[in-house]
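Working notes for the structure below.
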Amino acid sequence: MKKLLLTGFVPFLEFPVNPTEEIVKELEGEIIGDYEIISRVLPVDFQESEQQIIQHFTDIQPDAVIALGLAAGRTNITPERIAINCKDGAPDNNGIQCEDEPIDQEGPDGYFSTLPIRAMVNLLNEQGYPAKISNTAGTYLCNNVMYAILHTIATHKDHNKQIKAGFIHIPASHSLAIQMKNSPGSWSQKDLTDAIRLAIQAL
Ligand code: PCA
């Protein structure tokens, strides 16, 4: 059985609930297609989240990695096309703020997702879930984690370069939307979890 490392994040900034945390907890241990899901929740701390995802990757030796993050301003499930070598934006949960900083001084400008993002979007749409490819993961932690895992796979000689990895942003859940002042729209937690199950099936 292949192993899939699935990560989510804890709540951050003005979002008291992070539906990605609930999704990964729900899917822990499930078998989806060829993959057994191994879930981990990451802190919203630039340095810690990067170190932890690399550590989990090294410990678990997965065959694929999907990191999930909340993009509460979006209404679609959005597999990300690219991670860029830049950290910027709001402070993390420990008050660390980055401005125009490279993630890796020596690293390339960007990494494309190696997940089948078009197949994921097509399958989700066929099954009635709004989804589209996103061409920017932003410059906050989600982009950082996506860049870090792709850079690790690409540059470490021990790692199988065929390992698929990437990032999917998801919209707000209803319970988060109730607590936000201006949610553009939200999904039930069940639909979010089912949509991620389908995205994994597209692997
Ligand atoms: N979303 C943030 C960080 C944590 C999360 O769930 C992001 O999009 O960068």
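Note that ligands are numbered from 1 as they come in the structure, with each ligand's atoms numbered from 1 the same way.
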Exercise for the section: Output the list of atoms in ligand 1 that are nearer than 4.0 Å to some heavy atom of Cys142, sorted by atom number. Expected result: 1 (N), 2 (C), 3 (C), 4 (C), 5 (C), 7 (C), 8 (O), 9 (O)

Completion exercise
Here the atoms of ligand 1 under 4.0 Å from any heavy atom belonging to His169 are 7 (C), 8 (O)

Practice task
Would you check whether Val44 has a nitrogen or oxygen atom less than 3.5 angstrom from a nitrogen or oxygen atom of ligand 1?
Solution key: no

Problem - Top protein contact for atom 5 (C) of ligand 1, by heavy-atom distance - result: Phe12 CE2, 3.3 Å

For [X] and [Y], indicate whether the former's side chain and the latter's backbone hold a donor-acceptor pair under 3.5 Å.
X	Y	result
Glu36	Lys2	no
Lys3	Ile60	yes
Ser186	Ala172	no

Practice task
Give the contacting part of Asn18 toward ligand 1: side chain, backbone, both or neither, where contact means a heavy-atom distance below 4.0 Å.
Solution key: side chain

Handout entry: Thr7 side chain near Ser39 side chain, heavy-atom distance below 4.5 Å
Key = no

Problem - Heavy-atom check, side chain of Glu26 versus side chain of Gln189, under 4.5 Å - result: no

